[in-house]
2 protein chains.
Amino acid sequence: MTTPALIDSLRAIVGAAHVLTDGDLTAYEQDWRKRARGKALAVVRPGSTAEVAAVVKACATAGTALVPQGGNTGLAVGSIPDESGRQVVLSLARMAAVREIDAANLTITVEAGCVLQVLQETAAKAGFLFPLSLAAEGSCTIGGNLATNAGGTQVLRYGNARELCLGLEVVTAQGEVWDGTSGLRKDNTGYDLRDLMVGSEGTLGIITAATLKLFPQPAARLTAWAAVGSFDDAVQLLGQAQRHLGAGLTGFEVMGRFALSLVRRHMPQLKVPFADEAGDGHPYFVLLENSDSESEEHARARFESLLEAAFESGCVADAVVAENLSQAHELWHIRESIPLAQAEEGLNIKHDISLPVSRIPAFCHETDALLAREIPGVRLVNFGHLGDGNLHYNVQAPAEGDARAFLRDQEKRVNELVYAQVQKFGGSFSAEHGIGSLKVETLEKHKSPVALGMMRAIKSALDPQGLLNPGRVLAG
Amino acid sequence: MTTPALIDSLRAIVGAAHVLTDGDLTAYEQDWRKRARGKALAVVRPGSTAEVAAVVKACATAGTALVPQGGNTGLAVGSIPDESGRQVVLSLARMAAVREIDAANLTITVEAGCVLQVLQETAAKAGFLFPLSLAAEGSCTIGGNLATNAGGTQVLRYGNARELCLGLEVVTAQGEVWDGTSGLRKDNTGYDLRDLMVGSEGTLGIITAATLKLFPQPAARLTAWAAVGSFDDAVQLLGQAQRHLGAGLTGFEVMGRFALSLVRRHMPQLKVPFADEAGDGHPYFVLLENSDSESEEHARARFESLLEAAFESGCVADAVVAENLSQAHELWHIRESIPLAQAEEGLNIKHDISLPVSRIPAFCHETDALLAREIPGVRLVNFGHLGDGNLHYNVQAPAEGDARAFLRDQEKRVNELVYAQVQKFGGSFSAEHGIGSLKVETLEKHKSPVALGMMRAIKSALDPQGLLNPGRVLAG
């Protein structure tokens, strides 16, 4: 099929208005962090699962590759076309319907293009909690969240996107529709295709809808802030909080002193509790969240009893429980402002690593020292979801000097040093951001060859033409 | 390779004492429910992952099929050899070591042959809860639990075996070792091979070890028993309990009147609360479990406040909270005695179905009536894990007449009627027992052809010779 013939047939499927080939396509062609820009043959915006299937069939016939795209907010450059001008962007944005809320089953079924925040709000209006929560929630879509197995701040209690998903509707590489949008919590009828699709970044199939778990809204959610003397103390506090609060512990975020000093420098309106103005106070801080099915009073009593026990055992130096919702939001706002404060400070190298919680103190101790020795002046912006073993172990260019030159000269070396340490400590170089095109080489280098072999065999089996998001996750 | 040459090379790998070819091999060749008996070429009992890999390589070279086996307690005839006498049983029983407990990471790493109860007890000794719990726990192994994605009584809060697993060590069909025994809670580096292996019943790879989640022991676990006027009321009570107790609700089992009447008939020493001696009391009963991270006193107060609210809303007719552990054990014992009471009553047809919780009342109403109409005299033994939407919707032969003849003449028809209803209501015909060889045809009939096509493609990709547990899950 010629290119014009393909474009014609795509127009016939979705309507001419939904096949974009001219004008400013930046929103579809450039990635969220503006690290890369591609060129699409066309942007196609189907309005139904049947249209997605027909688009895939037309592209398969033409031998044209497809790049599925949700909110295009991914951090691993996985949802934009390459520079060839020969790939079709398949935007799921128009498929945003909420198909069903099943209150007694605690499930919601939505189309892939539903924006995460809309999904959260729809659940809340029906009296339920949909717990997935992350920085891009105002723009990212649930299809993208599932395709990348998104994490965020509530993983400790509710799991990643994968754990929140009960069933999927998927269009295969052959343009067939698999309706697996089941609301079942138990179904042992064959291989787990759902979890295989989740996290496959659009390379094995195109997620068009999903059935997701809902939870009763907690009666109260309280936030606390603690200063701790070391990473060891933070890990000890985590264990105490898990024993004391059980499943009530819904958040446990750690932040290093330097990360918070950037917040204080660039957002002076934010008051960071227990942070010394001279910047030489406590080395680490922890934000804890306690969700309670009973009452705010009960949540507060449990929180206070935890923190008292933590003081007594010596793992907390200072702590405060937010008095009200607005104080709680302020504390979360400090945590969430770290990436922006980092950006204000200048260019930096981001990592999204995970480790067994038990090994994090030794990892940080050793890797901090290694980087300081190997790359003098380097500044570590260390923060993350300690409860999940997930650190954003970021590296800021030295205070003096040209940050752009630093990144150009040192980014590869910094990554190699950090990822070698991650591997040594049994960790992952991509905890929640995925592989996209950004980390394909890192995957080849650090993943077990046996696992890589199985991944390649599965890719060939399900997408033998190699037309679904080629070059992402696995080299094309 | 000739058969004698293969046996010789297996002996060289694992030692002659661990290659069984003579004597009574019933324990390896007959399934748990004694529904089938096969004949093994040999039973091989490797002692290490390296030995498993070498055995797989030797069998692959000889073109000999392997049947992995744990405790051989499965309910779908998936772990015994066929009758050809040409399949090798690979028993993981000797690989039973606990490799590591990582307290700060809340994980335990064990070999596949570790018996579930040993695993539970090892966790408990270290101060933790490993929540997977099911009837066969004294004999089944964690490898088998993972290979079949076992369910049980704690799924409502803690999930199936899949949700409890963070990482696997697997020997592939090629005899390579994939070490994926990670203790990471977040790892987005490629396709989810772990969950693909979990539930694949030994047809895609052989699980040799696993890293599993541990939980803090709850401070208290209380059990309550309630009589309800209908299945609708049971579903309403479930919703109230979920809102009221949050993640504290760790058990919600439903039992029909007739199921309990069998317990009363065959185990008269068990006192079933609120069950009328004439057998015409409440139609359904519910067992609830509340696990609390605070104290027994708090758990009791929460339970009582839930049950008061449930009385007021009218969904509970009568209820009692167990006063002590021994009363709680008695209540659980009643629930767990139903299968045995059924067996005492005579032959019966078992189902392991799941449905969206919201559709269960209508399903039962319609299917009860359908069966009564189509097969006069049939008696329904309906009980199960309502919190997970999982019913053991079993069919007992009519009280009068020859049960063996009933099964011979009616089992197929009963299954067809029930599974057609399950499909109509969006359910699954195998919630937690898997496919094995028993339900291969049912899978072909009821599974989406698109999903089946993907399953076959994956099987061919990972096991191109078709030597891993052939004929299980998918037709050989």
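Naming convention: chains lettered A, B, ... in sequence-line order (proteins, then strands); numbering from 1 in each chain.
Listed options Gly426(A), Ser354(A), Ala461(A), Ser460(A) were ranked by heavy-atom pairs under 4.5 angstrom with chain B; first place goes to Ser354(A). Ranking Leu166(A), Leu193(A), Leu238(A) against chain B, the residue ahead of the rest is Leu193(A), based on heavy-atom pairs under 4.5 Å. Top candidate by heavy-atom pairs under 4.5 Å with chain A, chosen from His385(B), Arg302(B), His446(B), is Arg302(B). For chain B, the option among Thr442(A), Val473(A), Asp388(A) with the highest count of heavy-atom pairs below 4.5 Å is Asp388(A). Put simply, of Asp292(A), Val357(A), Thr203(A), the one with the most heavy-atom pairs under 4.5 Å next to chain B is Val357(A). Of the listed residues (Ile360(B), Leu204(B), Leu196(B), Ile353(B)), the one with the most heavy-atom contacts under 4.5 Å to chain A is Leu204(B). Of the listed residues (Val177(A), Thr211(A), Asp352(A), Val235(A)), the greatest number of heavy-atom pairs within a distance under 4.5 Å of chain B belongs to Val177(A). Between chain B and the residues Asp192(A), Thr148(A), Leu156(A), the most heavy-atom pairs under 4.5 angstrom are made by Asp192(A). Chosen from Ala104(B), Ala457(B), Gly246(B), Ala431(B), the residue pairing most often with chain A at heavy-atom distances under 4.5 Å is Ala431(B).
Scanning both residues, Pro216(A) and Gln242(B), for their nearest heavy atoms gives CG-O, 3.5 Å. For the pair Gly427(A) and Leu184(B), the tightest heavy-atom approach, listed with the atom from each and the gap, is C-CD1, 3.7 Å. Counting all heavy atoms, side chain and backbone alike, Ile435(B) lies closest to Gly190(A) at CG1-N, 4.0 Å. Gly387(B) and Arg185(A) make their closest contact through O-CD, 4.3 Å (heavy atoms, listed as atom of the first residue, atom of the second, distance).
Only the side chain of Asn160(B) has a heavy atom closer than 4.5 Å to any heavy atom of chain A. No part of Ser291(A) comes within reach of chain B, as not one of its non-hydrogen atoms sits under 4.5 angstrom from that chain. Proximity to chain B (any heavy atom under 4.5 Å) is shown, for Thr189(A), by both the backbone and the side chain. Proximity to chain A (any heavy atom under 4.5 Å) is restricted, for Leu474(B), to the side chain, taken from C-beta onward. For Val170(B), no part sits under 4.5 Å from any heavy atom of chain A, backbone or side chain. Heavy-atom distances place the side chain of Ser448(B), and not its backbone, under 4.5 Å from chain A. Heavy atoms closer than 4.5 Å to chain B are found in the side chain of Asp102(A), but not in its backbone. Residue Ser182(A) does not touch chain B at all, counting heavy-atom pairs closer than 4.5 Å.
Side chains of Asn105(B) and Ser358(A): a donor-acceptor N/O pair is absent below 3.5 angstrom, by distance only.
Distance check, rounded to the nearest 0.5 Å: CG of Asp187(B) to CG of Leu355(A) gives 10.5 Å. Note that CZ of Arg194(A) is 7.5 Å distant from CG of Asp195(B), once rounded to the nearest 0.5 Å. Rounding to the nearest 0.5 Å places CG of Asn188(B) at 11.5 Å from CG of Leu443(A).
In this structure, Gln217(A) and Arg243(B) have side chains that are not in contact, with every pair of non-hydrogen atoms separated by 4.5 Å or more.
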Begin with the C-alpha distance, continue with both residues' side-chain angles, and end with the deciding distance and a verdict on side chain to side chain donor-acceptor pair (under 3.5 Å) for His244(B) and Glu294(A).
CA-CA 7 Å; His244(B) 212 88; Glu294(A) 186 171 343; over 6 Å; no

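Residue Glu441(B) qualifies as open at atom CD: its count of foreign heavy atoms under 6.0 Å is 12 or below.
With respect to Tyr191(A), the side-chain contact (heavy atoms from CB on, under 4.5 Å) criterion is satisfied by exactly one of Met455(B), Met197(B), Arg456(B), Met454(B): Met455(B).
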